[in-house]
Number of protein chains: 2
Amino acid sequence: MVDLDKLDRILKRLEEASGLEDLFRVIYEIRDAFAIDHAVYHWVDSKGEQYGCGTYSVAWKERYLARNYLRVDPVIIGCYTRFHPVDWKRLDWSSKAAREFLADAHEHGVGNQGYSIPIRGPNGQFALFTANHNCPDEDWAEFFEAHGRDLILIAHYFNRKALEFEPGRAPEQSRQLSPREVDAMTLLAMGYNRAQVADALAISEHTLRVYIESARFKLGALNTTHAVARAIGCGLIVV
Amino acid sequence: MVDLDKLDRILKRLEEASGLEDLFRVIYEIRDAFAIDHAVYHWVDSKGEQYGCGTYSVAWKERYLARNYLRVDPVIIGCYTRFHPVDWKRLDWSSKAAREFLADAHEHGVGNQGYSIPIRGPNGQFALFTANHNCPDEDWAEFFEAHGRDLILIAHYFNRKALEFEPGRAPEQSRQLSPREVDAMTLLAMGYNRAQVADALAISEHTLRVYIESARFKLGALNTTHAVARAIGCGLIVV
DNA sequence: AGACCCCTCACTATTTCTGGGGAGGTGAAA
DNA sequence: TTTCACCTCCCCAGAAATAGTGAGGGGTCT
């Protein structure tokens with residue numbers, strides 16, 4: 001087990017990190033401290049932008065992006081609906097695309113065992129912190145039994161720094177919707193059309209339109225569907 | 001400082017909790033273990049529903065609900081846009097409503113010092129874990145310097161259980177979309193209109209429409225916006 | 001007291017989406 | 001081998017959303 005001093009040092013290093021390069025250095029330290037093959041922090045934006053920081057090979061990182069694996073990767077898909085950190089074995093690898101993805105990953109040096117921790121920040125920010133290794137199932141179970149808590153803390157501190165470095169994320173209060181706008185977005189997300197929403201809110205359809213347009217404007221959305229998608233992605237409404 | 005055994009015991013208790021009553025018991029243990037006046041877990045839904053579990057007096061809890069303090073409380077408002085755990089002193093107490101709220105809270109036994117940890121789960125779930133006490137600033141700074149990490153872990157485990165107990169959050173992976181449908185939903189969620197999506201996917205707009213209708217049918221959605229909302233909500237697409 | 005945001009309502013013309021149809025080809029699983 | 005889900009294409013009429021304006025009353029914060 002990683003002793004407290006080691007964990008302490010890693011968290012301190014994370015706290016003191018002053019740039020993305022520092023994070024990149026720390027991720028290697030984490031890998032070495034836990035004696036695993038790979039440690040990876042993977043930021044996924046609600047806009048679909050992503051930022052990875054990890055010990056995977058450059059070739060694999062590029063391939064991941066080039067093949068748009070973000071939309072296939074069961075780790076992303078699985079963790080997105082979970083709070084609990086998850087062992088890769090418990091994810092859904094049944095689809096053909098997922099199996100091909102897995103095979104491809106193995107060929108690029110990704111180990112067979114994985115443990116991923118979902119992390120969420122304000123405005124629908126989402127990230128994953130993953131420990132990856134190549135070993136038998138029993139060893140792996142032992143590993144995350146022993147280090148699960150450490151990894152949660154590391155994931156938390158890592159994301160904290162990553163958010164800090166992310167430009168244009170601090171004063172993002174602009175993305176707040178007024179109560180009426182939230183109502184409108186919520187009902188639209190529930191499948192009602194404008195006439196029904198206006199009726200439900202007991203306002204004229206003209207008024208409703210003003211809300212929708214206003215919300216669209218605030219969210220920087222191109223149309224109603226986009227606005228609803230963003231509102232959900234940003235956690236402004238619940239579906 | 002709380003020794004490891006104590007933290008260990010609390011986390012174990014949280015892991016093994018089998019009902020909301022258990023959580024209620026554990027929150028008192030946490031308060032005693034850290035020797036503070038209050039410990040509170042506060043779930044806030046984007047719909048405005050809330051669920052509190054803490055050592056505050058019943059009178060204060062009722063007053064909080066009755067006065068709809070959720071919309072006033074600077075702790076909620078401040079933490080909602082932050083990832084970092086936050087000392088109450090660093091929040092914005094400048095508005096009149098906030099100062100009145102604070103005075104009212106003090107009168108109901110809430111201590112002057114607070115340290116709140118924002119926690120987020122899937123589907124825009126949001127909760128706070130708060131440590132509250134009555135003491136001088138220096139003592140408080142020392143407290144969360146010493147116990148910040150413990151509290152993060154406790155908050156994480158607490159929320160994990162709370163999500164588990166929440167009905168209607170069961171794994172609902174039943175509805176799967178075909179790759180093309182996922183593409184279509186994704187691009188629609190990104191704000192493209194049908195012509196643009198069809199163009200991006202290099203298919204005719206008619207074909208695209210078949211995908212959208214098919215996805216709509218599979219998701220039991222009433223229209224495109226609804227389908228996109230559900231696809232996001234079910235984690236079928238990443239926005 | 002002025003600035004600013006929120007809520008409410010109105011018009012017109014244009015573009016886009018929806019809900020019914022029908023039809024052929026491919027590939028994987030049973 | 002058949003079945004079944006998937007991908008691709010087509011028509012049309014009616015319903016819905018969008019763009020570009022406008023205006024007035026209410027509240028809150030500085």
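Order of the sequence lines sets the chain letters (A, B, ...), proteins ahead of strands, with each chain counted from 1. Being a predicted model, the structure only gives us computed values, none of them experimental.
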Student: Determine: side-chain N/O of B:Lys218 to OP1/OP2 of D:dC6, distance under 4.0 Å, yes or no.
Tutor: yes
Student: Taking the side chain as everything from C-beta on, heavy atoms only, tell me whether B:Val86 gets closer than 4.5 Å to B:Leu91.
Tutor: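 In short, these two side chains touch, coming nearer than 4.5 Å.
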Student: Quickly work out the A:Ile212 CD1 to D:dA17 C1' distance and round it to whole Å.
Tutor: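 After rounding, the gap between these two atoms is 9 Å.
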Student: Whole-Å distance between D:dT18 P and A:His226 NE2?
Tutor: 13 Å
Student: Does the D:dG26 base have a donor-acceptor partner in the side chain of A:Arg180 within less than 3.5 Å?
Tutor: no
Student: Could you tell me whether the side chains of A:Tyr211 and A:Asp183 share a donor-acceptor contact shorter than 3.5 Å?
Tutor: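 A:Tyr211 vs A:Asp183: no donor-acceptor pair found between side chains.
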Student: Are A:Thr207 and C:dA10 close enough that a side-chain N or O sits under 4.0 Å from OP1 or OP2?
Tutor: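 No, no such contact exists.
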Student: So what does A:Ser214 hit on the nucleic acid, given a heavy-atom distance under 4.0 Å: a base, only sugar-phosphate, or nothing?
Tutor: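 Since no nucleic acid heavy atom lies under 4.0 Å of A:Ser214, the category is nothing.
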Student: To the nearest angstrom, how far is A:Glu205 atom CD from D:dA15 atom P?
Tutor: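 Going from A:Glu205 (CD) to D:dA15 (P), I get 13 Å.
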Student: Mind checking B:Leu188 for me? I need base, sugar-phosphate or nothing, with any heavy atom below 4.0 Å counting as a touch.
Tutor: nothing
Student: With side-chain contact (heavy atoms from CB on, under 4.5 Å) as the test, would you mind laying out the steps for B:His133 and B:Trp140 before giving the verdict?
Tutor: CA-CA 8 Å; B:His133 199 50; B:Trp140 191 242; 3.3 Å; yes
Student: Where the side chain of B:Ile203 is defined as all heavy atoms beyond and including C-beta, which of C:dC6, D:dC7, D:dC9 is the nearest nucleotide?
Tutor: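 Among the listed nucleotides, the one closest to the side chain of B:Ile203 is D:dC9.
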Student: So what does A:Ser204 touch, heavy atoms closer than 4.0 Å: a base, only the sugar-phosphate, or nothing?
Tutor: sugar-phosphate
Student: What is the distance, rounded to the nearest whole Å, between atom CG of B:Leu177 and atom P of D:dA5?
Tutor: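 Those two atoms, CG and P, are 15 Å apart.
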Student: Separation of A:Tyr192 atom OH from C:dC17 atom P, in whole Å?
Tutor: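 To the nearest whole Å, that distance equals 23 Å.
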Student: Under the ring-ring contact (aromatic ring centres under 6.0 Å, His included) rule, what do B:Phe83 and A:His156 come out as? Steps first, then yes or no, please.
Tutor: CA-CA 9 Å; B:Phe83 179 75; A:His156 184 98; 4.7 Å; yes
Student: How many whole angstroms separate atom CG of A:Leu208 from atom C1' of C:dC7?
Tutor: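 A:Leu208 atom CG is separated from C:dC7 atom C1' by 12 Å.
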Student: When you get a sec, tell me which of C:dT12, C:dT8, D:dT8 is the closest nucleotide to the side chain of A:Tyr211?
Tutor: C:dT8
Student: Quick check: any donor-acceptor pair below 3.5 Å linking the side-chain of A:Arg209 to the base of D:dG22?
Tutor: no
Student: Could you give the CD-to-P distance, from B:Glu100 to D:dC29, as a whole number of Å?
Tutor: 10 Å
Student: Can you measure A:Glu213 atom CD to C:dA10 atom C1' for me and round it to whole angstrom units?
Tutor: 13 Å
Student: Mind listing the closest non-hydrogen atom pair of B:Pro118 and B:Pro85 along with its distance?
Tutor: CD-CA, 3.9 Å
Student: Between B:Asp199 and B:Tyr192, do the side chains contain an N or O donor and an N or O acceptor separated by less than 3.5 Å?
Tutor: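 No, B:Tyr192 and B:Asp199 have no side-chain donor paired with an acceptor closer than 3.5 Å.
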Student: Counting only heavy atoms and a strict 4.0 angstrom limit, can you tell me which residues of residues 193-201 of chain A come near DNA chain C?
Tutor: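 Per residue number, the list is empty: none.
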Student: Check A:Asn223, A:Thr224, A:Thr225, A:Asn193 against B:Thr225 for a side-chain hydrogen bond (donor to acceptor under 3.5 Å, both in side chains) and give me the one that passes.
Tutor: A:Thr225
Student: Ring centres of A:Tyr56 and A:His42 under 6.0 Å apart?
Tutor: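 No, they do not, as the ring centres are separated by 6.0 Å or more.
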Student: Nearest nucleotide by nearest heavy atom, which residue falls closer to the 5' end of DNA chain D, B:His206 or A:Thr225?
Tutor: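 On the 5' side of the pair lies B:His206.
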Student: Considering just the side-chain nitrogens and oxygens of A:Thr224, establish if one lies under 4.0 Å of OP1 or OP2 belonging to D:dA17.
Tutor: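 False: A:Thr224 side-chain N/O out of range (4.0 Å or more) of D:dA17 OP1/OP2.
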